[in-house]
Amino acid sequence: MTALEFQLIAKDRDSAARLGRITTPHGRIATPAFMPVGTQATVKAMTREELKEVKSQIILANTYHLYLRPGHELIGRLGGLHEFMCWDGPILTDSGGFQVFSLGELCKIREEGVTFQSHLDGSRHFISPEVSIAIQEALGSDIMMCFDECPPSSAEFGYVKKSMEMTTRWAVRCRDAMRRDDQALFGIVQGGRFDELRKESVCRLRDIGFDGYALGGLSVGEEKGVMYGVMETCEPFLPEERPRYVMGIGTPEDLVEAVYRGYDMFDCVMPTRNARNGMLFTSEGTLNIKNARYAEDRSPIDPECDCYVCRNYSRAYLRHLYRAGEILASRFNTYHNLHYYLNLMEQSREAIAEGRFNAFRKEFYNKREANR
RNA sequence: GGAGGGGUUCCCGAGUGGCCAAAGGGAACAGACUGUAAAUCUGUCGUCGGACGACUUCGGAGGUUCGAAUCCUCCCCCCUCCA
């Protein structure tokens, strides 16, 4: 598999943090990297130009959603996802495994695959590892994800063990189903909160061999300590020369902690969804732009931020836009939040490159503490 | 001038003798959101008190009744139609 190259550029002295570079057919990605989520072939509220302005290097799209609408075959006929959505950078597609988890009762999971009902019209469908890969190949993403099962954090050992073993078998089927050689495939580590299952999952995936390795089944309701613990458990067993992706995280703190523990790629709906719900990220913590105390606040969202929104607009105006239900509120809030996340990653990379990630991490927390 | 309809808690609006501090919606205030069924969802929303409760409310004033937003009398205001 040569569709993806990973170069390890530097390792932090005092932590597991690492600086790297991924090369895909659609460009390079400096890691650690945050990947904005564009489930339905759009990062909600953002144009391509805006995504570039905030320095998005790679974005996500979702197999499940695009299969249902507009249909992966249609996207394939139109030249693939890059051409369809007019994004010429790298794209990672999630396999649809997470939807099996989040759609709950609409799904039935068996060894062959998952039968489910569309959340759009109730129609019945079937996705297996082979189908998921076929969809992702039609979409033409740079990085495909294995089709996996993502159990809730409350799942007990016996269930998680069986689930992880099935996910591992599915991983083999995914790899065997690949027909194209210009796409990379990442395996997904499962095993819930159980260290021995996580270890086993990592080792078995490593034996199969993937272009990169992802931790799945995190940020699904478990305690922070469990999440960080799983990262620590898996890290020593992950091949150093391959990118490591923690799926679905997280808060800014989660990202800093994951980088600290040696992970390279992250994605989360938090900056985009929460933006649309009025929650903004700043160097001093979060703020809810809906709150009455910003009614006459002339300051920018984050005094330390140099994004387009912070350079031009006041909290008072953004609060007004939100309350008035104006579409610009979603756009500005999303723009700022993505800028914050992507900037946090850029700063992390600089810190690692300069061998001061620990100090960076400490300062990150100090600023928050000072303004509580 | 005549006929009819109506004034309800910040707004709109249900309620027409007790189960009404009063449905529902909006606004307001606060919270949640982690591989997006999300520009979504939850809570509070007369005053005071932890809960139970107490007190003050349904245009105004009086009255009937054990009990009134609901019935009666007068007054004030608004709307529609006719002249």
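It should be emphasised that the depicted structure is a prediction, and the values quoted were computed from it without experimental measurement. We name chains A, B, ... by the order of the sequence lines, and we start the count at 1 in each one.
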In whole Å, measure the gap between the C1' atoms of B:C11 and B:C82 for me. 33 Å
Using Watson-Crick or G-U wobble geometry with both distances below 3.5 Å, tell me the partner of B:G49, or none. none
salt_bridge(A:Glu130, A:Arg173) N-O dist < 4.0 Å: yes
Would you say the ring centers of A:His72 and A:His65 fall short of 6.0 Å from each other? no
5' priority, RNA chain B, between A:Glu326 and A:Glu149 [closest heavy atom]: A:Glu149
Spacing of A:Met279 atom CE relative to B:A30 atom C1', expressed in whole Å: 15 Å
Do A:His119 and A:Tyr64 have a side chain donor and acceptor closer than 3.5 Å? yes
Taking B:C41 as the reference, what is the distance to B:C75 when you measure between their C1' atoms (whole Å, please)? 50 Å
A:Tyr308/A:His336 aromatic ring centres below 6.0 Å: no
Listed nucleotide nearest any side-chain atom of A:Asn291, set B:G35, B:A30, B:U36: B:A30
Evaluate the ring planes of A:His82 and A:His26, with Trp represented by its six-membered ring, and classify them as parallel (under 30°), tilted (30 to 60°) or perpendicular (over 60°). parallel
Under 4.0 Å between a side-chain N or O of A:Asn288 and OP1 or OP2 of B:G31? yes
If I pick the P atom on B:A32 and the same atom on B:G49, what distance separates them, to the nearest angstrom? 26 Å
Now, which nucleotide makes the Watson-Crick or G-U wobble pair with B:G18, with each of the two distances under 3.5 Å? B:C66
For B:U36, does OP1 or OP2 lie under 4.0 Å from any side-chain N or O of A:Gln40? no
Nearest-Å distance, CG (A:Leu66) to P (B:U36)? 11 Å
Does A:Asn62 place a side-chain N or O at less than 4.0 Å from the phosphate oxygens OP1/OP2 of B:U36? yes
Using the P atoms only, state how far B:C20 lies from B:C12, rounded to an integer number of Å. 24 Å
Would you indicate what A:Thr272 reaches in the nucleic acid, counting non-hydrogen atoms under 4.0 angstrom: base, sugar-phosphate, or nothing? base
For B:A68 and B:C33, measure between their P atoms and round to the nearest Å. 49 Å
Below the 4.0 Å mark, does B:U34 have OP1 or OP2 next to a side-chain nitrogen or oxygen of A:Ser219? no
Check whether more than 12 heavy atoms from other residues, nucleotides or ligands sit under 6.0 Å from atom NZ of A:Lys52, and answer yes or no. yes
In whole angstroms, how far is the P atom of B:G35 from the OH atom of A:Tyr263? 18 Å
OP1 or OP2 of B:A39 sitting under 4.0 Å from any side-chain N/O of A:Arg273? no
Expressed in angstrom and rounded to an integer, what is the separation of A:Phe34 atom CZ from B:U36 atom P? 11 Å
More 5' along RNA chain B: A:Asp267 or A:Lys290, using each one's nearest nucleotide? A:Lys290
Verify the distance criterion only: is there a donor paired with an acceptor across the side chains of A:Asp254 and A:Thr251 at less than 3.5 Å? yes
Which nucleotide, if any, forms a Watson-Crick or G-U wobble pair with B:U80, using both distances under 3.5 Å? B:A3
side-chain contact (heavy atoms from CB on, under 4.5 Å) with A:Ser132: of A:Ile127, A:Asp94, A:Val114, only one passes, and it is A:Ile127
Checking N1-N3 plus N6-O4 or O6-N4 for Watson-Crick, or N1-O2 and O6-N3 for wobble, each under 3.5 Å, the partner of B:A39 is none
For nucleotides 24-28 of chain B, list the nitrogen or oxygen atoms of the protein found under 3.5 Å from its nitrogen or oxygen atoms, one pair per line.
residue	atom	partner	partner atom	Å
B:A28	OP1	A:Arg323	NH1	3.3

Answer yes if the ring centres of A:Tyr245 and A:Phe266 are under 6.0 angstrom apart, and no otherwise. no
Please test A:Glu232 against A:Arg261 for salt bridge (Lys or Arg N to Asp or Glu O under 4.0 Å), starting from the C-alpha separation and ending with a verdict. CA-CA 6 Å; A:Glu232 288 167 19; A:Arg261 289 166 172 78; 2.6 Å; yes
Taking atom C1' in both B:A22 and B:G17, what distance in whole Å separates the two? 15 Å
Residues clustered with A:Val160, ILVMFWY side-chain links under 4.5 angstrom: A:Phe157, A:Met164, A:Phe194, A:Leu197
Below 3.5 Å is the cut-off: list the nitrogen or oxygen pairs between protein and nucleotides 42-46 of chain B, distance only.
none

Partner nucleotide of B:A28 by Watson-Crick or wobble geometry (both distances under 3.5 Å): B:U44
Could you give the distance separating B:G46 and B:C58 at their P atoms, to the nearest angstrom? 16 Å
Short side-chain N/O contact to B:A37 OP1/OP2 from A:Gln99, under 4.0 Å: yes
Please measure how far the C1' atom in B:A69 lies from the corresponding atom in B:G60, and state the result in whole Å. 15 Å
Decide, yes or no, whether a salt bridge links A:Lys11 with A:Glu240 under the criterion of side-chain N to carboxylate O below 4.0 Å. yes
According to the Watson-Crick and G-U wobble definitions, with both distances under 3.5 Å, which nucleotide is paired to B:A23? none
Return the pairing partner of B:U34 with a 3.5 Å limit on both distances, Watson-Crick or G-U wobble; otherwise return none. none
